[in-house]
Amino acid sequence: MWSIKFGDMATDDDRVDRLIVQVRAVLCWHDPEGLLAHGCREDEYDPEAWDLAVLILTGRPMTCELVLDTWDRWFGPGSIRVRDSSKPGRGGRADR
């Protein structure tokens, strides 16, 4: 069970667990870095799933920029996803 604290509010219930599992499932389905295709375990994307779930739970609108910032923080500029999203015409940072 996960436990997240937001200011005075502590959240540690099945909703948090389910959200993290759902975010991880989306990340694993897309496998944006190709890690699972190369034999990594499904928990490889857990840190990113955690960060994205926290953003969702705080009520911030989920934007491409927030997702890319999260991705860049974990994978750096060498990330396949961050590199591809920066190319013009891909809907990424270069198009803003």
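Keep in mind the model is a prediction, meaning the values are calculated, not measured.
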key: Within residues 47-60 or reaching into it, pairs that qualify as salt bridge (Lys or Arg N to Asp or Glu O under 4.0 Å) - sequence neighbours excluded   =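 Passing the test, one end in residues 47-60: D51-R73.
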ask   = In the single-linkage hydrophobic clustering (I, L, V, M, F, W, Y; side-chain heavy atoms under 4.5 Å), do V26 and V21 co-cluster?
value = no
ask   = Do W29 and L35 share a hydrophobic cluster (ILVMFWY, side-chain heavy atoms under 4.5 Å, transitive)?
value =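 In one cluster with W29: L35, no.
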ask   = Can you name the nearest heavy-atom pair linking V67 to M62, along with the distance?
value =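 Distance-wise, the nearest heavy atoms are CG2-SD, 3.6 Å.
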message = Any side-chain to backbone donor/acceptor pair from D46 onto R24? Under 3.5 Å, distance only.
response = no
task = Assert yes or no for the condition that the ring centre distance of Y45 to W50 is strictly below 6.0 Å.
result =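 Distance test on ring centres: not under 6.0 Å, no.
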To the nearest 0.5 Å, what is the distance between [atom1] on [X] and [atom2] on [Y]?
X   : Y   : atom1 : atom2 : value
Q22 : I56 : CD    : CD1   : 8.5 Å
L27 : E33 : CG    : CD    : 10.5 Å
L19 : L57 : CG    : CG    : 5.0 Å
L36 : D31 : CG    : CG    : 4.0 Å

